[in-house]
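These notes concern the structure reproduced below.
Counting starts at 1 for both ligands and their atoms, following the listed order.
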Amino acid sequence: MSKLLIVGTVAFDAIETPFGKTDKILGGAATYIGLSASHFNIDSAVVSVVGDDFPTKYLDLLKNNNINIEGVEIVEGGKTFFWSGRYHNDLNTRDTLDTQLNVLADFNPVVPESYKDAQFVMLGNLHPLVQLSVLEQVNDPKLVVLDTMNFWMDNSLEDLKKVISKVDVITINDEEARQLSGEHSLVKAARKIEEMGPKYVVIKKGEHGALLFQEDQVFFAPALPLEEVFDPTGAGDTFAGGFIGYLARTGDISFENMKSAIIYGSNLASFCVEKFGTERMQDLSAPQVDERLLAFKKLTQFETQLH
Ligand code: AMP
């Protein structure tokens, strides 16, 4: 069985959407990635840090989804990473209201001995130096996927570029791809980002789907048109968790198989947005996932009659 090592935030989030507002709830990139990847029955572990203000029931939730949390450090007297955001009416854009690094500010990640040989590594969104340190502790992974966001481009660009130069796949949203590359066209942006290191570039476009680039090959997957979108928080991480989870499950990292991985990632992300925070991902069943996968197939299949 493939091993998947995930690093990212395990966090408190406070979210505001046009439909409501939450207090501090469970969030964090690694949380969403782990819950999403757990649908592939692989051996996964999270490396992260929380304060002793973090409820045990949240850690139990990860454990109960078969996610190893040996690598989640609990800092005595420390405060957990906190992020707060407000979505605009289109739900596709948001403003970050607050980012409190707290225990993340001086986190030295320790990869558990039994995951140093992980074949798949997901460097979820957090400080690029933490991502780099995790990468230095693993032996010889088959595939490394990096996710990041504008916060780190604004605050630690040079460190971020170092990590980017060492990964196989990068997943970012369209705005971030433009910021990172300085190009408006996403095709040109992807090409420039490939020159920074990654062989594959995935650009997430929220409700407008996701693009996969490798040299001159492009694949596009739409997002499923949903009746209800309640809270997009974590959709990008859920997508990334589904993407790498599927690749880890199949062990095939070809471009062809990455196309399927994009669909599996988009499928899982479509559930994430239906409720606040991680709520929908907590009660998501395998038959529900499979049923929607068929809807995805229907959405994108058509006949061609060439003259
Ligand atoms: P997404 O909606 O997929 O971009 O992910 C949202 C999640 O990312 C939230 O649960 C936040 O806790 C987490 N997050 C927000 N800002 C940061 C940051 N600067 N570094 C790491 N994680 C973050």
Side-chain angles (χ1 to χ4, degrees), residues 6-17 22 24-37 46-51 54 58 61-62 79-88 91-105 107 109 122-131 134 145-157 159-160 163 171-177 179 202-207 210 223 229-244 265-266 268-282:
I6 300 161
V7 59
T9 41
V10 172
F12 283 132
D13 288 350
I15 305 159
E16 244 183 273
T17 79
T22 70
K24 278 186 176 178
I25 57 169
L26 171 64
T31 307
Y32 285 103
I33 294 166
L35 289 176
S36 181
V46 165
V47 171
S48 192
V49 64
V50 293
F54 198 68
Y58 288 165
L61 173 74
L62 297 179
K79 280 177 77 182
T80 300
F81 174 85
F82 172 71
W83 174 79
S84 153
R86 183 189 295 135
Y87 288 85
H88 300 173
L91 283 176
N92 230 12
T93 46
R94 71 182 176 206
D95 296 324
T96 288
L97 303 177
D98 198 2
T99 301
Q100 294 174 17
L101 295 180
N102 298 330
V103 289
L104 190 67
F107 173 45
M122 179 72 227
L123 302 177
N125 190 15
L126 42 53
H127 199 299
L129 287 180
V130 175
Q131 295 176 318
V134 165
V145 179
L146 169 88
D147 188 64
T148 188
M149 73 190 286
N150 49 0
F151 182 86
W152 304 111
M153 293 175 196
D154 296 337
N155 295 299
S156 307
L157 186 60
D159 294 328
L160 181 60
V163 199
T171 68
I172 46 178
N173 73 29
D174 41 1
E175 230 181 278
E176 290 154 358
Q179 181 173 347
V202 177
I203 301 183
K204 302 170 285 183
K205 289 164 61 69
E207 66 167 332
V229 178
F230 203 69
D231 168 23
T233 308
D237 303 311
T238 303
F239 169 87
F243 176 78
I244 198 164
S266 304
L268 285 159
S270 78
F271 289 101
C272 177
V273 302
E274 288 181 337
K275 288 190 181 167
F276 261 129
T278 58
E279 211 182 319
R280 184 68 181 100
M281 297 312 286
Q282 289 184 36

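- Atom CD of Gln100 sits in a crowded spot, with more than 12 heavy atoms from other residues, nucleotides or ligands closer than 6.0 Å.
- For ligand 1, the protein residues within 4.0 angstrom (heavy atoms only) are Thr9, Ala11, Asp13, Gly27, Gly28, Tyr32, Phe81, Trp83, Arg94, Asn125, Leu126, Met149, Phe151, Trp152, Pro232, Thr233, Gly234, Ala235, Gly236, Asp237.
- Side chains of Asn155 and His127: no donor on one and acceptor on the other come within 3.5 Å.
- Counting heavy-atom neighbours within 6.0 Å of Lys275 NZ, excluding the residue itself, gives a total above 12.
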| task | Tell me, with the steps shown, if Trp152 and Asp159 meet side-chain hydrogen bond (donor to acceptor under 3.5 Å, both in side chains). | result | CA-CA 9 Å; Trp152 304 111; Asp159 294 328; over 6 Å; no
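- Annotation for Met122 and Leu146: closest pair CE-C, 4.3 Å, computed over non-hydrogen atoms.
- Every side-chain contact (heavy atoms from CB on, under 4.5 Å) that Gln282 has, sequence neighbours left out, goes to Leu61, Thr278.
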